[in-house]
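Quantities reported herein were computed from a predicted structural model and do not represent experimental measurements. Hydrogens, waters and symmetry mates are skipped; everything else that's a heavy atom, side chains included, is used.
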Amino acid sequence: MPLINPIFYDLMALCAGGLFTLAFAPFNFSVLAIPALALLFASWQTGCTPLRASLRGFYFGLAAFALGVSWVYISIHDFGGADSVSSAALTLTFVAFWALFPALAGFLTVTLSAANAPIITAGIWLGIEYLRGTLLLNGFPWLLSGYSQLNTPLAGYIPLLGAYGTGFLLVLTTTLLLSLFTTQTYRMLKAGLLLILWLTGAGLHEVEWTKPQGKALTVALIQGNIAQNEKWLPENKLDTLRLYRDLTEEHWDADVIIWPETSIPAFLSEVDEFYLTPLQQAAQQHNTDIIVSLPTEGERGEVYNSVLALGQQRQIYSKNHLLPFGETMPLQPLSGYILKQLNIGLGDFTPGGAHQPLLTAAGLPFITSICYEDAFGVTVADGLEQAAFLVNVTNDAWFGDSLEPQQHLQMAAMRALESGRYLLRATNTGVSAVINAKGQTVAEAPSFTTTVLTASFQPMTGLTPYAWLGDTWLMGGILLITLASLGYLHFAEAGKHLSVFTKRLKSH
């Protein structure tokens, strides 16, 4: 039994959750992820029951998500139309739901008697993150451990293992360090593994997994800065269209011009003839390609969130990975009923479908992602072998001046590093940026300003190991390693009990 009151460890787990969030953008204290996770894991090593461990995991998640995704309140209250009480209640429900995942990690870790087993603890944590970030409710990958390590030596593993694999190595680092202080066995081996792990990561960061393709090109990212509560007002539509056209005409010298998500506040059929067709003709005359975004309609009335490439040819991509509770409604009919009672109006879009043809600009194919899609490595990697660069269009005005835009930019940087491609990111209110193939932001526009960010970028060719293999092999491999470690742990434990039993028999 622990000598310290169990409530102390409960509070320690709660504080660790807040500390964990500081490892992510915009704070970027990457190193804090290690002590934050160490405090949580240490609270599971106090001889507590599985239920108590799950409670401490819940406290950790509650603090982490309450701070890290507090911007949900802004979206629901300021732009969803809900009152303050309903917005606070929904935000708390949202935070509490995602806090169940570190709670589940704690429950499994202690139930399996693995709180002192570094590899098993790391494997369980990774599995729960993958469940949360990819599988459940279309995925919610915010505050995944790996994203906190973009500026550390562990970033060298990102082109090989992606966000999840890097998160596994971070947790393994934490559990090994904790084990150095709590157990006396194999200390030199653990220290050596840690040293090799981090030195290898630093070395891998210098590897060029992809190579330049052709000459550098220029891009102009149009940041319209249209307030979300004014974006769809009918009386503002013509002014918005005029703003984007005028800003574009000032940058005909760019090879590619990119507008943000739903920069055109009208359906394609409403603006095609008088607006988009002349715009495409002007682009052709200036040998420029323009990438715009707007809602489109299907033959049966379906609504799509789309990107339209205008230039030598017209091409379209429609968003496939939709935002749960924002663009699509899981858990129907319950979720729809609740939001209807609260008078919250959200989108109802149709997925565009997987494996859509790549769009082209400046004569080169590129990967397109719309807003939330850039949070998923596998989505961006699909078709990457033919793509020379990445384009992301986003509207983070839904979340105001909060943590979300910088967190979203951090996730976009992960996609660039995973794929070994430049990422061109046009947003409505920020953060518009150009990110290089090493995941470094090389140009960034100030948020909440109407501006055009111009920069050069280098098309790339080749595949990183992660782009080639994806997440499936990684999760399968780590699952096997975790199960093997778990089997060895319990086999060794059974051997100890058998040895004690044999000694007792001999003594009698």
- prompt: Which residues pass the side-chain hydrogen bond (donor to acceptor under 3.5 Å, both in side chains) test with Thr218, sequence neighbours left out?
  reply: Asp255
Assign the ring pair [X] / [Y] to parallel, tilted or perpendicular, where the plane angle (0 to 90°) is split at 30° and 60°.
X: Phe20; Y: Phe60; result: tilted
X: Tyr372; Y: Phe376; result: perpendicular
X: Trp98; Y: Phe94; result: perpendicular

ring-ring contact (aromatic ring centres under 6.0 Å, His included): pairs with one or both residues in residues 174-203, sequence neighbours excluded: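 For residues 174-203, and leaving out neighbouring residues, there are no ring-ring contact (aromatic ring centres under 6.0 Å, His included) pairs at all.
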Do you know the tightest heavy-atom contact between [X] and [Y]?
X: Val219; Y: Leu221; answer: CG2-CD2, 3.7 Å
X: Gln213; Y: Met460; answer: OE1-O, 3.2 Å
X: Gly400; Y: Pro405; answer: O-CG, 3.9 Å
X: Gln356; Y: Ser318; answer: NE2-O, 2.6 Å
X: Thr210; Y: Gly462; answer: CG2-O, 3.5 Å
X: Gly18; Y: Leu67; answer: O-CD2, 3.9 Å

I want to check something: taking the side chain as every heavy atom from C-beta on, are [X] and [Y] in contact at a cut-off of under 4.5 Å?
X: Leu359; Y: Val307; result: yes
X: Pro141; Y: Leu144; result: yes
X: Gln440; Y: Ile435; result: no
X: Ile367; Y: Arg421; result: no
X: Ile76; Y: Thr91; result: yes
X: Leu137; Y: Phe140; result: no
X: Phe399; Y: Ser402; result: yes
X: Leu136; Y: Phe101; result: yes

Tell me whether the count of non-hydrogen atoms from other residues, nucleotides or ligands lying under 6.0 Å of [atom1] in [X] goes above 12.
X: Ile7; atom1: CD1; answer: no
X: Leu403; atom1: CG; answer: yes
X: Glu385; atom1: CD; answer: no

Could you tell me whether the side chain of [X] and the main chain of [Y] form a donor-acceptor pair under 3.5 Å?
X: Thr109; Y: Gly106; value: no
X: Thr200; Y: Leu197; value: no
X: Arg425; Y: Ala412; value: no
X: Ser432; Y: Thr427; value: yes
X: Thr46; Y: Ser43; value: yes
X: Arg415; Y: Asp374; value: yes
X: Thr173; Y: Leu169; value: yes
X: Gln407; Y: Gly68; value: yes
X: Trp44; Y: Ala115; value: no
X: Gln223; Y: Ala445; value: no

Spatial distance of atom [atom1] ([X]) from atom [atom2] ([Y]) [nearest 0.5 Å]:
X: Gln458; Y: Lys215; atom1: CD; atom2: NZ; answer: 11.0 Å
X: Trp398; Y: Phe79; atom1: CH2; atom2: CZ; answer: 8.0 Å
X: Thr441; Y: Leu409; atom1: OG1; atom2: CG; answer: 4.5 Å
X: Leu323; Y: Asn138; atom1: CG; atom2: CG; answer: 8.5 Å
X: Ser419; Y: Ile158; atom1: OG; atom2: CD1; answer: 11.5 Å
X: Phe107; Y: Arg52; atom1: CZ; atom2: CZ; answer: 15.5 Å

query: Where do Asp471 and Tyr466 land on the side chain to side chain donor-acceptor pair (under 3.5 Å) test, with the steps shown first?
result: CA-CA 8 Å; Asp471 288 324; Tyr466 174 78; 3.1 Å; yes
Centres of the [X] and [Y] rings: under 6.0 Å?
X: Trp468; Y: Trp473; answer: no
X: Tyr147; Y: Phe24; answer: no
X: Tyr422; Y: Phe389; answer: no
X: Trp125; Y: Phe41; answer: yes

message: Run Thr166 and Leu150 through side chain to side chain contact (heavy atoms under 4.5 Å, CB included) and show every step you take.
response: CA-CA 9 Å; Thr166 304; Leu150 272 165; over 6 Å; no
query: What do the steps show when you test Lys319 against Cys371 for side chain to side chain contact (heavy atoms under 4.5 Å, CB included), and what is the final call?
result: CA-CA 9 Å; Lys319 187 175 184 179; Cys371 197; 3.9 Å; yes
Distance alone, cut at 3.5 Å: any donor-acceptor contact between the side chains of [X] and [Y]?
X: Glu404; Y: Trp142; value: no
X: Tyr164; Y: Thr134; value: yes
X: Thr379; Y: Glu373; value: no
X: Ser148; Y: Ser30; value: no

task: Would you please test Leu177 and Lys190 for side chain to side chain contact (heavy atoms under 4.5 Å, CB included) and show each step?
output: CA-CA 8 Å; Leu177 280 172; Lys190 294 170 187 175; over 6 Å; no
field: Qualifying residue, where the test is side-chain contact (heavy atoms from CB on, under 4.5 Å) with Glu261 and the options are Asn305, Asn392, Asn428
entry: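 When Asn305, Asn392, Asn428 are each tested with Glu261, the side-chain contact (heavy atoms from CB on, under 4.5 Å) holds only for Asn305.
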task: For side chain to side chain contact (heavy atoms under 4.5 Å, CB included), just list the numbers for Leu160 and Thr464, CA-CA rounded to whole Å, side-chain angles, deciding distance to a tenth of an Å, and then say yes or no.
output: CA-CA 7 Å; Leu160 285 84; Thr464 63; over 6 Å; no
message: Under 4.0 Å between a side-chain nitrogen and a carboxylate oxygen: does that hold for Asp10 and Arg56?
response: yes
